[in-house]
Structure formats: C-alpha cells, structure tokens
Amino acid sequence: NLQTDILNFYTLGIVSKAKKKTMSDSLPSDSPSDHEPATNSPEEATTTSSTTTTTSTPEGPSPPPIQIPLPWPSNSSVTLDWIQNLISAFDWSSKNLPPSELPSVLPVSVFDALVLTASKILHKEPNCVRIDDCNENSRVVVVGDVHGQLHDVMFLLQDAGFPCEDRFFVFNGDYVDRGAWGLETFLLLLAWKVFLPQRVFLLRGNHESKYCTSVYGFEKEVLAKYGDKGKHVYRKCLGCFEGLPLASVIAGRVYTAHGGLFRSVSITPSKRSKGKKNRRIILNSETKPLCLGSLEELSKARRSVLDPPWEGQNLIPGDVLWSDPTMKSGLSPNTERGIGLLWGPDCTEDFLKKFQLKLIIRSHEGPDAREKRPGLGGMDEGYTIDHVVPSGKLITLFSAPDYPQFQATEDRYKNKGAYIVLKPPCFDDPEFHSFEAITPRPAVNAYYDYKDVIDSDEELDLAAMVQLGISGADDGESHILYHTIFLSSISNTTSKQLRSHLLVQP
C-alpha cells in the first residue's frame, strides 16, 4: 500500500540493518499502593528494543536524492511528499555538505514560510492541548527529549510509523541544543505540525528558550548555518518557541509535559507609591505555602516568554518546564536547578486523583541527570517508572539515545532512547519501545563548549542570563528588560534578603 511504499523509500539509504527484540510482558493492571519506585523489569513493561546501523558514507559527496534547493509548495500546502523530500534533503546535507551550505538546501524564504505557517498554528493552541478525538483505531505516540539528534528522530518516525489520521504524536519538547542538527530537527517537526495540525502536537521544553539556546549550542548552530541571515533565522525560531503549548491531556487519562507538575499561584496587586514623578514599584514580600496548581491555572498562565521567570506572578511556565520528581514526599523548590519544583509520590497521587488521570508522562532528564538523582532509576533504556501510586504512575521518557552527542569523557553513557505508544480502549497502558542510536553519526563539530559548559542540572548562570537580556534588547528596552530579568532570576537566598525592600525605577 501507499504507506508501506513511502516507508520503504524513506528507509532506503538511511537504515541498512534493523534488528528488533520484543518482550511481550505488559504492565500490571493493578497499581501497587506503595510509593516505591518501579524498575524497567520485563514484569512491568511491554518493551520493543531496536538496534540500528547506518550505511557508511562513501568517500566524496554523493549526489542529492532530490532536486535542491527545496522549494516551498506553490499552493503553500505542505504534503507528505514535501515532508519526505525535506527528510531526504536534510539527511543528505548532513552527510555531504558543510553546515554553512544549508541555505542551498533550504533557502531562507522557505524557512520563513514554514516557520510563519507553523507559528500561526501554535500560537492559537491553548497552554494545555486536549487530545480527545481518539477512537478504537487510534494510537498515540509520545516522544521525549530529542536534542538535535536528527538521524535518531528520523529512525523513530520510521519505527513508530509516520503521523497519520489514526496515529497521533505528542512531543514533550527539547528539540534543540547539544546535538548538531537542532535546526533541522525542529524544522522537520514543524513541517509535520503544518501537515497534520490535529495529529501532531509539539510541546515546549526548557531548552526552547533564549538562555538555554545561547549556552548549549542552538544559537551558534543557526548562525553557522545561515551566516548573515543567521540572526534573522534565530529570532524567528525564538518567536516560534514562545507559541509552543506547555502540556497535553490525552483521552482524558494521560497528562504530558516536559518537566511535570506546577504550583498554585495567587496573584497579588503590585503596590505603587503615590505621584507620577519617580514612580516606584514595591515588590510584595508575602509568601504563600507551596501547593499543587490546577489545570485551570495552567490554562491561564502566560507562556509567551523567551525565558520563563524564576520569581513573580508567572511561575507556572517555569515549573512545567523545569520541575523534577523525587522520592521525598511533598512539594519544594528545585534548588539544584535554581528554578521549578521537586514533587514527591504524594503529589503525583494528588494530581492524578484530583483530575481523574492514570498517567503522567514527563521528560527533561537524560542519563547524565539521572546519575545524580538518588532513589530514582537510571535512563539506560530511555525511560523510568518513577512513582507507582494507587491512582496510577509517573513515567520519565527520554528519546535521545547515546546522549549527549558530544561527551567530554571517553566512557559514553550509551543509553537507549525510547518512545511510548498508547492504545485503546483507555490509552493509559503504556507500551515502551527502546532503540539504540543510529551509527556512525556524520562527522561534525559541536556548537558549544561541551567540556566546560555549565551543567543544565545545576543552578543556572544567572549573571549571564541578565547580560543576555541586555544584549538581546533594543536600546530603548534594555533598562526595563534588565530589571525584569534581574528580578526573575535572582537566587532564592538573594531574593529573601532583598524582596522586602527592593525598589525598581520604571
């Protein structure tokens, strides 16, 4: 049939050998009532494991498989054929052209048309997208971090099956940074979004921000690939990031987000001194005990910010993108990251029970992060089951195998990536599919100093964050932006000392 022919054509030249091993045991139907973390044992998961290698690249460039540069569709309607050509073009260029030649494959005009079309769709979507039109023939594929590992993403799409009327895809964010093909990866997924806007859902990750992309490579990648048009391309990507939704609810049973849960935020009016001259804003020093937020509060959060704030009234986006689970009960500030929350099994239970859910699928933590998290499972298989509670489970899903692409030590993590398939009738019994990295990867240099860069799992470089805000603003905006970013990025210790008496000149 047509789909088989397309998949066969797609696989040709990309995957030369694929071996699969299937363990057919499924997750238990009854969840244990204790709060002990589960493991990746065959007794608890249906897992498909794939080992894949690529054909070796011959000496000298091979001719492109399609006509380049790739034109924008004449009727501005993206088709499956156009996406297939985009896949082939990106795969070929990654192996045969220097990065600076990408505009010869995808001109800026085509980039502009794709990003503009996708941005219009994304900005109209709610903060939490609801995927309710699933039926007995539907499948929902959930994908975790991919971090610019283009060839692994292409394999994942081929292995899971392309998005179509009966196959939904939900991506949990972190499309860029660390890997060398963040731009191509993001654009490919935008193309799928434009083609099937009601079947492909792209959520935001913490790396879809100005700060992370300036530190972990994406900004430099874009500048290297598009030269004098690089700043334009980067700005357009940032604008698109702002439109990405924060979370999804699948079939009323499964909540997905990049980081996870979030706090309830009470809005208190700002106090202003009387008189127009030297008007001052006095920060409210009152604090509120941490408690879980509601889906209604999530729907009202302001997501269109380049960098989610650390403090202030708009904390929910930062929580959703940066928070982590823990085995310790309760809700507490995520001091390791300097933003977001830590939540325990009791919070998972409360959230699932309150909103009548069975699963939370989040991402955000790769093998490097998990080796620092006592009590939680490693990411060797691309997923962990972190909380098993009476109402359901919490799963961490990571879809970038052999991550990160550039590692400073000879001993690599060699983790597998994974994706989840949710099937009817209830779409709440996850089927795990683990896969290994496509090897060998095309030779390429990193776009960031991976040997010395600050670890994303440690507290962020807030001074650099302030400087980025100043340098990225127009002269007329820099004074206000400096104070806005400073107030949203000061550490908890500093804010406790300053919050009660800090005055800001408008």
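Numbers here are sequence positions counted from 1.
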Checking Ser264 against Glu297: is there a side-chain donor and acceptor pair closer than 3.5 Å? yes

Side chains of Tyr419 and Asp159: do they bring a donor and an acceptor to under 3.5 Å?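 Note: Tyr419 and Asp159 side chains meet the donor-acceptor criterion.
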
Passing option when Asp386 is tested against Thr348, Thr326, Thr396 for side-chain hydrogen bond (donor to acceptor under 3.5 Å, both in side chains):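 One option only clears the test, and that one is Thr396.
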
CZ (Arg412) with more than 12 external heavy atoms under 6.0 Å: yes

Test side-chain contact (heavy atoms from CB on, under 4.5 Å) applied to Leu86 and Leu188, step by step: CA-CA 7 Å; Leu86 184 67; Leu188 173 58; 4.3 Å; yes

Whether [X] side chain and [Y] backbone form a donor-acceptor pair below 3.5 Å:
{"X": "Ser434", "Y": "Gly382", "value": "no"}
{"X": "Trp92", "Y": "Ser62", "value": "yes"}
{"X": "Glu208", "Y": "Asp174", "value": "yes"}
{"X": "Arg167", "Y": "Ala160", "value": "yes"}
{"X": "Asp307", "Y": "Tyr211", "value": "yes"}
{"X": "Arg303", "Y": "Leu244", "value": "yes"}
{"X": "Asn172", "Y": "Leu397", "value": "no"}
{"X": "Asn415", "Y": "Ala400", "value": "yes"}

Under a 4.5 Å cut-off applied to non-hydrogen side-chain atoms, are [X] and [Y] in contact?
{"X": "Leu238", "Y": "Phe218", "result": "no"}
{"X": "Leu295", "Y": "Arg130", "result": "yes"}
{"X": "His151", "Y": "Ser94", "result": "yes"}
{"X": "Met379", "Y": "Thr384", "result": "yes"}
{"X": "His258", "Y": "Val320", "result": "no"}
{"X": "Pro430", "Y": "Leu422", "result": "yes"}
{"X": "Ser399", "Y": "Leu156", "result": "yes"}
{"X": "Thr213", "Y": "Asp177", "result": "yes"}

Which pair of heavy atoms, one from [X] and one from [Y], lies closest together, and at what distance?
{"X": "Leu315", "Y": "Trp310", "result": "CD2-O, 3.1 Å"}
{"X": "Gly378", "Y": "Arg370", "result": "CA-CB, 4.3 Å"}
{"X": "Ser363", "Y": "Asp145", "result": "CB-OD1, 3.0 Å"}
{"X": "Pro404", "Y": "Arg178", "result": "CB-CD, 4.3 Å"}
{"X": "Gly340", "Y": "Asp319", "result": "CA-OD1, 3.4 Å"}
{"X": "Arg204", "Y": "Pro308", "result": "NH2-CD, 4.3 Å"}

Roughly how far, to the nearest 0.5 Å, is the [atom2] atom of [Y] from the [atom1] atom of [X]?
{"X": "Ser104", "Y": "Leu70", "atom1": "OG", "atom2": "CG", "value": "11.5 Å"}
{"X": "Ser248", "Y": "Leu202", "atom1": "OG", "atom2": "CG", "value": "11.0 Å"}
{"X": "Ile420", "Y": "Ile395", "atom1": "CD1", "atom2": "CD1", "value": "4.5 Å"}
{"X": "Leu150", "Y": "Ile87", "atom1": "CG", "atom2": "CD1", "value": "9.0 Å"}
{"X": "Leu352", "Y": "Leu359", "atom1": "CG", "atom2": "CG", "value": "7.5 Å"}
{"X": "Cys212", "Y": "Phe241", "atom1": "SG", "atom2": "CZ", "value": "10.5 Å"}

With under 30° as parallel and over 60° as perpendicular, where do the rings of [X] and [Y] fit, or are they tilted in between?
{"X": "Phe111", "Y": "Tyr226", "answer": "tilted"}
{"X": "Phe171", "Y": "Phe169", "answer": "parallel"}
{"X": "Phe262", "Y": "Tyr255", "answer": "tilted"}

Is there a side-chain contact (heavy atoms from CB on, under 4.5 Å) between Glu184 and Asp91 once you walk through the steps? CA-CA 9 Å; Glu184 291 92 331; Asp91 182 52; over 6 Å; no

With sequence neighbours excluded, what pairs up with [X] under the side-chain contact (heavy atoms from CB on, under 4.5 Å) test?
{"X": "Glu371", "value": "Tyr413"}
{"X": "Leu331", "value": "Leu290, Leu292, Leu341, Trp343, Cys347"}
{"X": "Cys240", "value": "Val115, Ser119, Leu122, Phe186, Leu190"}

Could you walk me through whether Ile438 and Gln149 satisfy the side-chain contact (heavy atoms from CB on, under 4.5 Å) test, starting with their C-alpha distance in whole Å, then the side-chain angles of each, then the deciding distance to 0.1 Å, before giving a yes or no? CA-CA 9 Å; Ile438 295 287; Gln149 296 183 191; over 6 Å; no

Quiz item: cation-pi between Lys416 and Phe435, 6.0 Å / 45°: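 Output no; distance or angle outside limits.
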
Quick check on side chain to side chain contact (heavy atoms under 4.5 Å, CB included): which of Glu221, Lys220, Lys229, Lys210 does Tyr234 satisfy it with?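 That would be Lys210; it is the only one of Glu221, Lys220, Lys229, Lys210 passing the side chain to side chain contact (heavy atoms under 4.5 Å, CB included) with Tyr234.
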
NZ/NE/NH1/NH2 to OD/OE distance under 4.0 Å, Glu431 and Arg139: no

Salt bridge flag under 4.0 Å for residues Glu336 and Lys372: no

Walk me through it: do Val444 and Phe406 pass the test side-chain contact (heavy atoms from CB on, under 4.5 Å)? CA-CA 10 Å; Val444 67; Phe406 303 100; 3.9 Å; yes

Using the ring centroid of each side chain, check whether His147 and Tyr403 are separated by less than 6.0 Å.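 Close enough - the centres of the two rings lie under 6.0 Å apart.
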
